[in-house]
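Each remark here refers to the structure printed beneath this line.
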Amino acid sequence: MIDQKLLRSAPQDVASNLERRNFAFDAQAYASLEELRKSLQVDVETLRAERNASAKQIGKAKAQGEDIAPLLASVEKLGVKLEGADASLQKLQEQLRELELGLPNLLHEDVPAGSDESDNEEVLRWGEPHQFDFKPADHVELGARLGLLDFDSAAKISGSRFAVMHGPLARLHRALIQFMLDTHTDEHGYQEVYVPYIVKTEALIGTGQLPKFEDDQFKTNDDPPFYLIPTAEVPVTNLARERIIEAASMPTKYVAHTPCFRSEAGSHGRDTRGMIRQHQFEKVELVQLVEPSASDHALEELTGHAETILQRLNLPYRKVILCSGDVGFGSHKTYDLEVWLPGQQAYREISSCSNYGDFQARRMQARWRNPDTGKPELLHTLNGSGLAAGRALIAVMENYQQEDGSVDVPQVLRSYMGGVERIAVA
RNA sequence: GGAGAGGUGGCUGAGUGGUCGAAAGCGCUCCCCUGCUAAGGGAGUAAGGGUUAAAAGCCCUUCGAGGGUUCGAAUCCCUCCCUCUCCGCCA
């Protein structure tokens, strides 16, 4: 959510910032709603103050044994008037809140202008795409040749966009996750957390997936409904919900491994082949809760932590800064890490690292106590994949493939693989 | 799933219809005292919102959530959620 004070005091500034996203914020309409809200609220509060005062008076009179009948008569109509005014105020406030929940975050000044992903700007490239002296296969073919990646069974059990992994491939997948968790906890100072995979509406509103992206979520039939998490960002960031974190425990850095569930509505026909885009995948997620002045730097640091994983795996990647037309709804600034996939001869997203500023914090009332003011203030939230495990597995398979279809195990994963150095075709 | 007890400020915990946003304690902040340390004394200390250029002040809201009764609800009634204890069941 955007600061209401800013929306009121500088609606034009907000509008022009959001225009960079191609989002049209009707400042005029907002201002007139706001004005209505203000006068209604003053009315309601005046009525309430009146009521409170007379209630107090009645109490006093009664205590002194006086006749309260005339006093009662004088407040008779107050209740009805208040009820009516309050009802319209509440309706209006709901309307305003809905509008505010639908506004995307303001963009950081660093975010380059652009309309879609083709306008994202490359920040750096790391590593050289390996030159194969044969035509590199993609992970689907490699998985088939190994006999360890099975989409047919998955389709029978669950439908499209699911996969079954067998034996050493399943273990390699797990090894990647273990390696990432260990690196982030042992070397990067993150605290590992285990969190629920099913959450309620409020949690998703807090991180910004709701109300706008309902269609992307898997939802249960319960009343009220539950949702399967689309990313660990949701339960982990919500750890700060309605809390005031002491300055001494800032920054708070969490890492969690969870499955992620996405219904991928609207993406029909995109990446239908293979394991790139699934309804269910594993991810190691980094989340930081920081004081506002530290969030710019924290984004660089967090992105670096994700990059470390790619570097240790010796996977060529590039880092791009998302342009104004491609940044996510709630993000203030985002870097994507794209890993080189020889099977596609392309860089593909494997991590997305974002600074949300106070956008999520405001939605979930996540605060810290500023030692300078002694007051609770909104903190800043960041998150990033470190990394998406399914895609990391694809990247390892394709980059470490041999001509005979076997796949070498990256050096850093061998200890997690019981010393296995190569997954060979049976 | 059954029975019972609870949900109050950063924390512990009192409060059963009015002067209660709420005793007391802990914690925290500031001051005093003590040549260090330990201890002691005093004052302050919830959040959100409105009004304001801003502040002060004033006002509104909030005692798990939502409804209801009442001139007036932390307190009475209803529904729901959550926590704890015991039993059952289960991984």
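These values consider heavy atoms only, across backbone and side chains, with no hydrogens, waters or symmetry-generated copies. Letters go in sequence order (proteins before strands), and every chain restarts at 1.
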- Message: Taking the minimum atom-to-atom distance to the side chain of A:Arg51, which one of B:U61, B:A47, B:G18 wins?
- Response: B:U61
- Whole-Å C1' distance, B:U12 and B:A23: 13 Å
- Query: What does A:Arg362 touch in the nucleic acid at a heavy-atom separation under 4.0 angstrom: a base, only the sugar-phosphate, or nothing?
  - Reply: nothing
- Of the listed nucleotides B:A47, B:C60, B:G50, the one nearest the side chain of A:Arg367: B:A47
- Task: Decide yes or no, distance alone: a donor-acceptor N/O pair under 3.5 angstrom between the base of B:G18 and the side-chain of A:Lys60.
- Result: no
- Query: With both distances under 3.5 Å as the test, what is the Watson-Crick or G-U wobble partner of B:U83?
  - Reply: B:A5
- Message: Would you say A:Arg369 places a side-chain N or O within less than 4.0 Å of OP1 or OP2 belonging to B:C28?
- Response: no
- Task: Scan every strand shown for a Watson-Crick or G-U wobble partner of B:U75, both distances under 3.5 Å, and answer none if you come up empty.
- Result: none
- side-chain N/O A:Asn52 vs B:C71 OP1/OP2, d < 4.0 Å: no
- Query: A:Lys38 side chain N/O closer than 4.0 Å to the phosphate oxygens (OP1, OP2) of B:G50?
  - Reply: no
- Is A:Arg8 touching bases, backbone alone, or none of the nucleic acid, heavy atoms closer than 4.0 Å? sugar-phosphate
- Nearest-nucleotide comparison on RNA chain B, the residue closer to the 5′ end among A:Arg37 and A:Glu50: A:Arg37
